[in-house]
S.K.: 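Structure incoming, see below.
Each chain gets a letter, A, B and so on, in the order its sequence line appears, and its residues count up from 1.
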Amino acid sequence: MSSDIEILSFGTRIAHTLQLIFFTLLVLTGIVLLSMETFAWIIYPIGVPLAPIVGLSQETGAITVGAEVARAIHRFIGPLWGALLIVYGLYLVITRKIFVFEPLRRPLRDQIREAIALSNHYALGKPLPRDIEENLDRHNVLVAYLTILLVVSFILVGGSGAAIIYLNLTPDQHSLMLLLHDIGFYLSILFTLAHIFAVAHPANVPLLKAMFTNGMVSLEWAEKHMPRHIRRILGRTRTEARE
Amino acid sequence: MEFPSRDSGIAVLVNVDNCIGCRACQVACQTWNGRSPPQTSFSPTFTNPPSLRADAWKVVVFHEITREKVLSFEGSTVKISNAVDVVPIPYNCLHCATAPCARACPVGAIKVSPEGAVVIEASECIGCGYCADACPYDVPKSGSDGKYYKCTFCVDRIQNGKAPACVEVCPANVFTFTSMEKAVKLANDMRASGKAVYGLDVDNYVGGRVRWIFALSGDKASTAFAKQFPEKAVVRTESIREALKSISIPGVGVIAAAVFALGVVAWRRERIRRIRDNGKHKKESKNSSDKGA
C-alpha cells in the first residue's frame with residue numbers, strides 16, 4: 001500500500017512559487033543595475049529593439065532603454081513581492097504556523113553539534129550520528145539558521161527598497177539605503193545558493209518534487225528525514241482517532 | 001570605465017582672491033549651455049540660486065567670514081577684529097580625476113572625454129540618481145524631466161580649441177584654463193607663496209585630484225574652503241558599496257562553483273551507492289533463487 005503524507009500545504013506551495021518568480025525577476029533586474037559591466041547582456045536583447053522606438057541609436061541606447069525597462073520592472077515587482085511577504089508572514093503568525101525556528105529552542109551546544117553533523121552529511125557524505133538522525137524535526141537546525149539569514153536579508157532589501165521608492169531621500173540617505181539594499185541582496189544570494197544546494201541534493205529530491213507537484217512525500221522518506229515530526233503527527237492522529 | 005591619467009588633460013586654476021563676485025561666469029554658463037534662468041528668491045545671502053541646480057551648472061557662492069583685518073594709513077595701523085568679509089567662490093563640477101559619478105552610473109551615461117571633462121549624456125540618463133549619491137561635492141542635480149545635469153566643462157568648446165564660457169567672460173582674470181601639468185605647477189607656486197590650494201591632493205575616492213583647482217589666501221581659505229568643500233572628498237557609503245561589489249561578484253561566483261561541485265560529488269556518491277545497492281540486491285536475489293533451486 002502506498003502511504004504518502006502531505007508535507008507542503010497548497011498555500012505554502014503557492015507562496016513559494018510566487019516567491020520564486022518574484023525573487024528571480026527582482027534578482028535579474030537588480031543585478032543589471034548593480035553591475036552593468038558584468039550583466040549588461042541580460043538587458044541588451046530588450047534594449048536593442050526598443051532603443052530606436054524612443055529615438056535612441058541601438059549602439060548607445062540599447063543599454064539605457066534596457067536598464068529603464070529593468071528598473072521599471074524592479075520597482076513594480078518589488079512592492080508586489082513586499083506585499084506578498086507581509087500577507088504570507090501575517091498568515092503564518094496569525095495561524096501559528098511558524099515551526100521553522102523550533103530547533104533553536106534546543107541548547108546551543110546541541111544546535112552546533114547538529115549543524116556540524118548535517119553539514120558533514122550533506123557536503124561530505126558522512127553518516128549522521130544515530131541520536132541526531134532519530135531526532136530530526138520537520139526543519140533541521142541548518143534550515144533555522146538559513147531562515148534567519150533570509151529574514152535579515154529580506155528586512156534589509158525590503159526596508160531599503162521601500163524607502164528608495166516611497167520616501168523623498170537626500171543623496172546621503174539614498175546612498176545609505178542603496179548600501180543596505182546591496183548587503184541584503186548579497187545575503188539573500190548566499191541563502192539562495194545554500195537553499196539550491198540543499199534542495200538539489202539527492203537526499204532531498206522527493207521534497208523538491210513535492211514542492212512543484214502535490215506537496216506529498218512517501219511516509220518512508222519522511223520517517224527517515226524528519227522522524228520526530230512524523231512521530232508527533234502520527235501520535236496526534238492516533239490520539240484524535242482514539243477520541 | 002577608463003579615465004585619462006590625472007597628470008594629463010586639461011585643468012582650470014581658480015584664483016579666488018581675484019574674484020569680484022560679478023557673476024558673469026554664472027550668466028555665461030547659463031547662456032552658452034541654453035539653460036533657462038532658475039526662479040530666484042531673496043535669501044540672507046548673495047548666493048542665488050542658493051546651490052547648483054539642473055539649470056544652474058555654475059553658481060557663485062558667497063561666503064561670509066570674519067577675520068582680523070589690519071588697516072595701515074600714513075604709518076599708523078588699525079586692527080579690526082571680527083571684520084566681516086565676503087568671499088565669492090565660483091563653483092561648479094570639479095571634474096574629478098576618476099569621477100565617482102561616472103563609476104556609479106549604471107548605464108554608462110556619464111562619459112569622460114580624453115581631456116578629462118566629465119559629461120552626463122542626458123539622452124542616456126535613466127534618472128536613478130546614483131551619480132548624485134556618489135558625488136562628494138553635491139554637484140549632479142535632477143531636472144524637471146527626471147534626468148541629471150551638471151557642468152560639462154564646456155566640452156563642446158574645449159574640443160574646438162576654446163576655453164569654457166565662464167573662463168572666457170571673466171573680467172577679473174580668476175580662471176587660468178591650461179593643461180593639468182601647468183595648472184599643478186601654478187597651484188604649487190601659489191601654495192609656496194602662502195595661499196591655500198584645494199584640489200591637488202584630495203581623497204583617492206575622486207582620484208586624488210580634481211581638474212578645477214582653487215587657490216585662496218590662507219586666512220580667508222581656512223573658513224571659506226572649509227565651508228565650501230567637504231573635509232574628506234569621499235562618500236563613505238558609496239566607497240563601501242564599491243568595495244563590496246568588487247569582492248562580492250567574483251566571491252559569489254566562487255561560492256556558486258563550490259556549491260555546484262559539492263552537488264556533483266553528492267550525486268556521484270548517490271549513484272555509486274545505488275549501483276552498489278543494486279549489485280547487492282541482485283546478488284541476494286540470485287543467492288535466494290539458487291537456494292530455491
Side-chain angles (χ1 to χ4, degrees), chain A residues 31-40 43 47 51 54-57 60-72 75 121-125 164 169-183 185-186 189-190 192-205, chain B residues 1 103-109 111 121-136 138-142 146 235-253 255-274:
Chain A
I31 54 172
V32 170
L33 298 172
L34 176 71
S35 179
M36 186 64 76
E37 57 275 24
T38 317
F39 300 108
I43 48 147
V54 294
L56 293 172
S57 72
T60 56
I63 297 296
T64 296
V65 177
E68 287 263 29
V69 172
R71 187 162 172 255
R75 292 168 80 100
H121 176 65
Y122 280 106
L124 307 173
I164 289 169
L169 302 172
T170 64
D172 282 347
Q173 292 166 335
H174 193 259
S175 180
L176 176 64
M177 289 301 128
L178 279 180
L179 174 63
L180 296 179
H181 209 65
D182 286 3
I183 293 171
F185 168 68
Y186 296 135
I189 290 298
L190 284 183
T192 307
L193 289 174
H195 184 57
I196 290 174
F197 173 74
V199 296
H201 193 277
N204 291 331
V205 167
Chain B
M1 185 91 235
R103 300 201 304 266
C105 179
V107 293
K111 322 285 183 193
E121 183 60 61
S123 65
E124 293 179 33
C125 175
I126 62 169
C128 63
Y130 290 13
C131 54
D133 292 351
C135 179
D138 192 25
V139 169
K141 297 288 174 188
S142 178
V235 177
R236 200 57 70 192
T237 46
E238 199 58 33
S239 73
I240 296 171
R241 276 192 80 212
E242 283 188 326
L244 267 180
K245 194 168 106 176
S246 66
I247 54 168
S248 296
I249 292 175
V252 165
I255 295 171
V259 165
F260 181 75
L262 281 175
V264 169
V265 170
W267 275 96
R268 171 114 186 107
R269 204 183 296 124
E270 175 70 9
R271 192 161 169 262
I272 292 168
R273 190 188 63 77
R274 274 189 198 161

S.K.: Which answer fits A:I189, side chain, backbone, both or neither, if we ask what part of it has an atom under 4.5 Å from a heavy atom of chain B?
M.R.: side chain

S.K.: Test A:F185 against B:L244 for side-chain contact (heavy atoms from CB on, under 4.5 Å), laying out the working first.
M.R.: CA-CA 11 Å; A:F185 168 68; B:L244 267 180; over 6 Å; no

S.K.: Show which side-chain atoms of residues 32-40 of chain A pair as donor or acceptor with protein atoms under 3.5 Å away, not counting sequence neighbours.
M.R.:
unit_1: A:S35; atom_1: OG; unit_2: A:T38; atom_2: OG1; d: 2.8
unit_1: A:E37; atom_1: OE2; unit_2: B:K245; atom_2: NZ; d: 3.3

S.K.: Measure A:F197 against the heavy atoms of chain B and call it side chain, backbone, both or neither at under 4.5 Å.
M.R.: both

S.K.: Between B:G127, B:A134, B:A109, which residue shows the highest count of heavy-atom pairs closer than 4.5 Å to chain A?
M.R.: B:G127

S.K.: Just wondering, more than 12 heavy atoms not from B:R273 lying within 6.0 Å of its CZ?
M.R.: yes

S.K.: So what's closer than 4.5 Å to chain B heavy atoms on A:I63: side chain, backbone, both or neither?
M.R.: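 A:I63 touches chain B through backbone and side-chain heavy atoms alike.
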
S.K.: Just how far is it from atom CD of A:Q173 to atom OG1 of B:T237, taken to the nearest 0.5 Å?
M.R.: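 Interatomic distance, A:Q173 CD to B:T237 OG1, rounded to 0.5 Å: 11.0 Å.
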
S.K.: Return the CD1 to CG distance between B:I240 and A:L178, rounded to the nearest 0.5 Å.
M.R.: 13.0 Å

S.K.: Give, for atom CG of A:L124 and atom CG of B:L262, the distance between the pair rounded to the nearest 0.5 Å.
M.R.: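 If I round to the nearest 0.5 Å, the distance is 7.5 Å.
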
S.K.: Heavy-atom cut-off 4.5 Å, strictly under: side chain, backbone, both or neither for B:A256 against chain A?
M.R.: both

S.K.: Between B:R241 (side chain only) and A:D182 (backbone N and O only), is there a donor and an acceptor less than 3.5 Å apart?
M.R.: no

S.K.: Checking heavy atoms, do the side chain of B:E124, its backbone, both or neither come under 4.5 Å from chain A?
M.R.: both

S.K.: Are there more than 12 heavy atoms of other residues, nucleotides or ligands under 6.0 Å from atom CZ of A:R75?
M.R.: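 Yes, the 6.0 Å shell around CZ holds more than 12 heavy atoms from other groups.
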
S.K.: Between chain A and each of B:S248, B:C105, B:S123, count heavy-atom pairs under 4.5 Å; write down the option with the most.
M.R.: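 Heavy-atom pair counts peak at B:S248.
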
S.K.: At a 4.5 Å cut-off on heavy atoms, which part of B:R269 comes close to chain A: side chain, backbone, both, or neither?
M.R.: side chain

S.K.: Check A:H174 against B:C128 and note the closest heavy-atom contact, atom names and distance.
M.R.: CE1-O, 3.7 Å

S.K.: Could you pull out the closest heavy-atom pair between A:P202 and B:A266, with the gap in Å?
M.R.: CG-O, 3.6 Å

S.K.: Is chain A contacted by the side chain of B:I249, its backbone, both, or neither, given a heavy-atom distance below 4.5 Å?
M.R.: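 The answer is the side chain of B:I249.
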
S.K.: Quick one: what part of A:V54 sits under 4.5 Å from any heavy atom of chain B, side chain, backbone, both or neither?
M.R.: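 When you check distances to chain B, no heavy atom of A:V54 falls under 4.5 Å.
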
S.K.: Checking heavy atoms, do the side chain of B:Y130, its backbone, both or neither come under 4.5 Å from chain A?
M.R.: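 The side chain, not the backbone.
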
S.K.: For B:C125, is it the side chain, the backbone, both or neither that has a heavy atom under 4.5 Å from a heavy atom of chain A?
M.R.: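 The backbone, not the side chain.
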
S.K.: Tell me, with the steps shown, if B:I255 and A:L190 meet side-chain contact (heavy atoms from CB on, under 4.5 Å).
M.R.: CA-CA 8 Å; B:I255 295 171; A:L190 284 183; 3.7 Å; yes

S.K.: Does a side-chain heavy-atom distance below 4.5 Å link B:I247 with A:Y186?
M.R.: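 Contact flag for B:I247/A:Y186 side chains = no.
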
S.K.: Who passes side chain to side chain donor-acceptor pair (under 3.5 Å) against A:H181, sequence neighbours left out?
M.R.: A:S160

S.K.: What part of B:V265 gets closer than 4.5 Å to chain A, counting heavy atoms only: side chain, backbone, both or neither?
M.R.: neither

S.K.: What are the two closest heavy atoms between B:I126 and A:E68, and how far apart are they?
M.R.: CG2-CG, 3.4 Å

